Amino acid sequence: MKSLSVSKAVTALMLAGLVLLPLYSHLTGNIFILTLFTRIIILALAAASLNLIMGFAGLMSFGHAAYLGIGGYAVGMLAQEGFGSGFIQFPVAVAASAIYALVIGALSLRTRGVYFIMITLAFAQMAYYVASGLARYGGDDGLTIYKRSDFSGLIDLGNRTQFYYLCLACLFGVMLLIWRIVNSRFGLVVQGLRSNEQRMQAIGFPAKRYQLVCFVISGTMCGLAGALLANNTDFVSPAVMYWTRSGDLMVMVILGGMGTLFGPVMGAVVFLLLEELLSQITEYWALILGPLLLLIVLFGRGGIMGALGRAGRG
């Protein structure tokens, strides 16, 4: 009971801090921290979507960043062609991500283990090279978005505070959806397939169908994060789909606690804050961050959420 109270208390403090951050930014005049945490929240959403398949379904996808890029390019390409409405851009972004996830999932779920990882990686790299070849939309140089998504005056994405709360609302909505999925009959079947797929198939559950639906839901959520990321940076580039970005998302999930609801959010906050702080100290920050993350993964079983649980029991 004590371990539960510790992890819940830390999670509650983190969520309260995220909700109150714009107030702190306004009182201190620190605009940068609001911009930084907007990016953190968006990538936390992407990490949470990856956790749905990696932590709960046991599917180690190494191409999840492809959906970030697809969602972002959907917004950028539509803006380039004169379709600036968010009511068009965002549905197209999530629909395009869902379709691509459906294609990847239908093919990659025929394999297991390292083969599954390599196929998802290959599809992400394919999307990366396709985006790099789109000369009309910037090619390797990326695509500048001159105007953020327009929601007919309901919300102004050009306002930092309003955009921050939109991103936070999307994160909370996705977390609620993941919680409902994980605790539903569908989610219990998916988790059962992670534990013992052969036994679940033997009692009559169509494993591939359940896993494919979970895979598509995960990709759709990440496409939403991509649409938000494009609006946040006013720019989208093929680099967002590169395999190293997928690796970053995996690190966030593992660091926070794979298979826990709020672990990926915690992991994203810690990972990106460490990245920001260390980059201000030295240009060789990656040489410090890499071994530090390695030690956490090797000795911090269960990530941050696991460590909080052990601290509570201690």
Side-chain angles (χ1 to χ4, degrees), residues 18 35-55 61-79 86 89-101 104 120 124 127-128 131 142-143 145 148-149 151 155 157 163-179 181 214-253 256 261-269 271-272 275:
L18 292 177
T35 303
L36 172 63
F37 269 87
T38 301
R39 176 172 176 264
I40 289 174
I41 288 171
I42 294 170
L43 292 179
L45 196 163
S49 69
L50 175 59
N51 185 49
L52 178 62
I53 56 172
M54 192 170 85
S61 173
F62 213 156
H64 208 68
Y67 312 117
L68 270 178
I70 290 170
Y73 266 98
V75 170
M77 291 166 72
L78 286 170
Q89 292 177 347
F90 275 65
V92 170
V94 297
S97 300
I99 292 170
Y100 198 64
I104 295 177
T120 55
Y128 167 79
L143 175 64
I145 302 171
R148 294 189 175 185
S149 300
F151 286 94
I155 184 169
L157 300 195
F163 182 58
Y164 175 87
Y165 278 121
L166 172 65
C167 295
L168 190 61
C170 288
L171 176 61
F172 286 167
V174 164
M175 298 304 296
L176 176 61
L177 179 58
I178 291 174
W179 178 80
I181 290 172
C214 189
F215 197 91
V216 172
I217 293 172
S218 174
T220 304
M221 291 175 176
C222 196
L224 173 61
L228 292 170
L229 187 62
N231 276 282
N232 183 51
T233 57
D234 298 318
F235 179 78
V236 61
S237 127
V240 77
M241 291 184 275
Y242 200 59
W243 68 269
T244 53
R245 174 58 68 191
S246 295
D248 288 344
L249 295 178
M250 293 181 76
V251 169
M252 292 175 198
V253 173
L261 184 61
F262 290 103
V265 180
M266 190 83 70
V269 171
F271 176 80
L272 293 171
E275 183 181 83

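Since we're looking at a predicted model, the values are computed, not measured. Basis for what follows: all heavy atoms, side chains included, without hydrogens, waters or symmetry-related copies. Numbers here simply count residues along the sequence, with the first being 1.
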### Task
Hey, could you give me the CD1/CZ distance between I104 and F215, rounded to the nearest 0.5 Å?
5.5 Å
### Query
When you look at M54 and S218, which way does the side-chain contact (heavy atoms from CB on, under 4.5 Å) test go after all the steps?
CA-CA 10 Å; M54 192 170 85; S218 174; over 6 Å; no
### Query
Okay, side chain of R148, backbone of N232: is any donor-acceptor separation there less than 3.5 Å?
yes
### Nearest heavy atoms of M250 and S61, plus distance in Å
SD-O, 3.8 Å
### Query
For L272 and L36, what are the C-alpha separation, side-chain angles and deciding distance, and is it a side-chain contact (heavy atoms from CB on, under 4.5 Å)?
CA-CA 9 Å; L272 293 171; L36 172 63; 5.6 Å; no
#### Entry: Check against side-chain contact (heavy atoms from CB on, under 4.5 Å), F151 and F90
CA-CA 10 Å; F151 286 94; F90 275 65; 3.8 Å; yes
## Note on the structure
Rounding to 0.5 Å, atoms CZ (F235) and CG (L143) come to a distance of 7.5 Å
### Summary
Rounding to 0.5 Å, atoms OG1 (T120) and CD1 (I53) come to a distance of 8.0 Å
### Heavy-atom pair of closest approach, residues S97 and A93
OG-O, 2.9 Å
### Message
Could you report the tightest heavy-atom contact between I145 and A79, atom names first, then the distance?
### Response
CG2-CB, 4.2 Å
### Message
Working to the nearest 0.5 angstrom, can you tell me the gap between L157 CG and N231 CG?
### Response
5.0 Å
### Partners passing side-chain contact (heavy atoms from CB on, under 4.5 Å) against L261 (at least two apart in sequence or in another chain)
M175, I178, W179
### Query
CG/L171 to OH/Y165 distance, rounded to the nearest 0.5 angstrom?
13.5 Å
### Query
What pair of heavy atoms forms the shortest contact from C222 to A46, and how long is it?
SG-CB, 3.9 Å
### Message
When you compare the side chain of L18 with that of I40, does any pair of heavy atoms fall below 4.5 Å?
### Response
no
### Message
The test is side-chain contact (heavy atoms from CB on, under 4.5 Å); show your working for M252 and L50 and say whether it passes.
### Response
CA-CA 10 Å; M252 292 175 198; L50 175 59; over 6 Å; no
### Query
Any side-chain heavy atom of C214 within less than 4.5 Å of one from L52?
yes
### Task
Spell out, as yes or no, whether a donor-acceptor pair under 3.5 Å connects the side chain of R245 to the backbone of A65.
no
#### Entry: Residue pair G219 / A101: nearest heavy atoms and the distance that separates them
CA-CB, 4.1 Å
Give the table of side-chain donor-acceptor pairs shorter than 3.5 Å for residues 66-77, with sequence neighbours excluded, one pair per line with atom names and distance.
none

### Message
How long is the straight-line distance from SG of C167 back to CG of L43, given to the nearest 0.5 Å?
### Response
10.5 Å
